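Just so you know, ligand 1 is whichever comes first in the structure, and atom 1 is the first atom listed for that ligand. As the structure is a prediction and not an experimental result, all values here were calculated from the model.
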Amino acid sequence: MRWFVTRRTCRSHPRLGGRYFLAYRWTPSPMRILSGIQPSGVLHIGNYFGMMQPAIALQSQGEAFYFIADYHALTTLHDPLALRENSRRVALDFLACGLDPARAALFRQSDVPQVTELAWILNTVTPMGLLERAHSYKDKIARGLAASAGLFTYPTLMAADILIYDSDVVPVGRDQKQHVEITRDLAIKMNETYGQILKLPEPRISTATAIVPGLDGQKMSKSYGNTIDLFGSEKETQKRVMSITTDSTPVEAPKNPDTSSIFQLYSLFASPNEIAEMRADFEKGGRGYGDFKKQLFAKLWDYFAPMRKRREEILAQPDYINEVLAQGAAHANAIADVVMTRVRQAVGL
Ligand code: ADP
Ligand code: TRP
């Protein structure tokens, strides 16, 4: 909510009739929506349903800021060519999936370097224990990644990303929820130390598709090698779908849809009637998993057809992505400067 000064005519008032006066009006300001995605690899359908689709659906409901988290990707990717190429590809895929630059600012995180300044300031109030409890850090170390200071302080940079735009809502997959909670904790800590300078954001987790399963039934993730790429070739996508792990239930026997990744993935693309039909087919028996996989592939391939078309159109306009990113960065910078001025002043810089 924001205060606005308004000028109104008040014809009905006996003394003020016809004259103007100033009044304050409590007007709702647009909800500010922010999310980011790392350009650390090729996007997959887990990223699409967990983060991109909810973010795109929200773009018409407020002022949206979506960015390519290239500073964050540096914690795991040390190949400059790959980082640059992935960043461009994330922008392309996001636009192909329906991000509308007229509604949402799309930009590279590194085009708003003020976030690293805010991250530093947040680091000075961040308790070590808070970072030590972060699941994503523990998971990455368990998977053998080098324990760099950047990986450890990843959550403070993410908090800066969110807080620097006075964000209200952060659409992310469930695995990012703890990071948004850490962001809230840090905003509270800053506000207790320096006065009310930072806005507390809310995570928005899409419950319909909280965790998209991968080919092996675990969470789909590029680090598990179990993904179906969003814009893979037809042959590769079909190959991936046909390699979904199944149990050894014979063709004629009834099957449990609720433990099947085929059924769970199909449910993301199909209509309620189609989902009910596949459920009944599973439970009835008489159809093999190979058959269900073909049905899933056909549905999935159809679902992304308009987005593949849009992607080709964007690729045919060489300057389009750069223009969108430059325009998004200008918008993001304007907001980040306002918040940073407030923060710098409050902390004594
Ligand atoms: P990955 O696990 O492949 O490395 P990221 O961690 O880069 O994916 O995730 C980017 C965004 O996509 C995050 O918001 C995350 O929550 C979401 N996401 C990733 N995988 C899934 C999944 N299997 N199901 C739902 N959301 C996902
Ligand atoms: N950590 C997020 C991920 O791995 C990416 C990210 C960085 C992000 N900064 C953010 C997401 C701010 C939402 C808001 O997916």
Evaluate side chain to side chain contact (heavy atoms under 4.5 Å, CB included) for Gln238 paired with Trp301, printing each intermediate quantity in order. CA-CA 9 Å; Gln238 189 164 24; Trp301 193 250; over 6 Å; no
What atoms of ligand 2 come closer than 4.0 angstrom to any heavy atom of His72?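 Taking each heavy atom of His72 in turn, ligand 2 has 7 (C), 9 (N) under 4.0 Å.
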Per-atom contacts of ligand 2 with Val172, taking only distances under 4.0 Å to non-hydrogen atoms: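 Numbered from 1, ligand 2 contributes 11 (C), 13 (C).
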Could you tell me whether Lys219 sits above the aromatic face of Tyr224, with NZ or CZ closer than 6.0 angstrom to the six-membered ring centre and within 45 degrees of the axis?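 Checked: cation-pi criterion not met.
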Decide whether a cation-pi geometry holds between Lys140 and Tyr154; the criteria are a distance under 6.0 Å from NZ or CZ to the six-membered ring centre and an angle within 45° of the ring axis.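 Judged by the rule, Lys140 and Tyr154 form a cation-pi pair.
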Give yes if a backbone or side-chain nitrogen or oxygen of [X] is under 3.5 Å from a nitrogen or oxygen of ligand 1, and no if not.
X: Val172; value: no
X: Ser221; value: yes
X: Gly46; value: yes
X: Ile37; value: no
X: Met51; value: no

Give the intermediate values and the outcome of ring pair (Phe, Tyr, Trp, His ring centres under 6.0 Å) for residues Phe282 and Phe292. CA-CA 9 Å; Phe282 259 76; Phe292 288 123; 4.2 Å; yes
Under 4.0 Å from any heavy atom of [X], which atoms of ligand 1 are there?
X: His44; answer: 1 (P), 3 (O), 20 (N)
X: Gln176; answer: 13 (C), 14 (O), 16 (O)
X: Met220; answer: 20 (N), 21 (C), 22 (C), 23 (N)

Please step through ring pair (Phe, Tyr, Trp, His ring centres under 6.0 Å) for the pair Phe231 and Phe94, ending with a clear verdict. CA-CA 11 Å; Phe231 294 109; Phe94 231 127; over 10 Å; no
Steps toward side chain to side chain contact (heavy atoms under 4.5 Å, CB included) verdict (Asn191, Leu200): CA-CA 10 Å; Asn191 290 347; Leu200 266 60; 4.0 Å; yes
How does Leu34 reach ligand 2, if at all, at less than 4.0 Å between non-hydrogen atoms: by side chain, backbone, both, or neither?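 Looking at Leu34 and ligand 2, just side chain atoms fall under 4.0 Å.
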Pick, from [options], the option with the minimum heavy-atom distance to [atom].
atom: atom 5 (P) of ligand 1; options: Lys219, Lys222, Gln38; result: Lys222
atom: atom 16 (O) of ligand 1; options: Asp139, Leu43, Asp175; result: Asp175
atom: atom 14 (C) of ligand 2; options: Ile164, Asp161, Ile162; result: Ile162
atom: atom 13 (C) of ligand 2; options: Gly173, Gly36, Ser136; result: Gly36

Nearest-neighbour protein heavy atom for atom 1 (N) of ligand 2, which is reported as residue plus atom name and distance: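 So the nearest neighbour among protein heavy atoms is Tyr154 OH, 2.6 Å.
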Give yes or no for whether the N/O distance cutoff of 3.5 Å, strictly under, is met between Gln176 and ligand 2.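 Yes, there is a polar N/O contact under 3.5 Å.
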Is there a nitrogen or oxygen of Gln109 sitting under 3.5 Å from a nitrogen or oxygen of ligand 2?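 No, there is no polar N/O contact under 3.5 Å.
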Looking at every heavy atom in both Leu186 and Ala159, which two are closest together, and how far apart are they?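 Nearest pair, atom of Leu186 first, then Ala159: CD1-CB, 3.9 Å.
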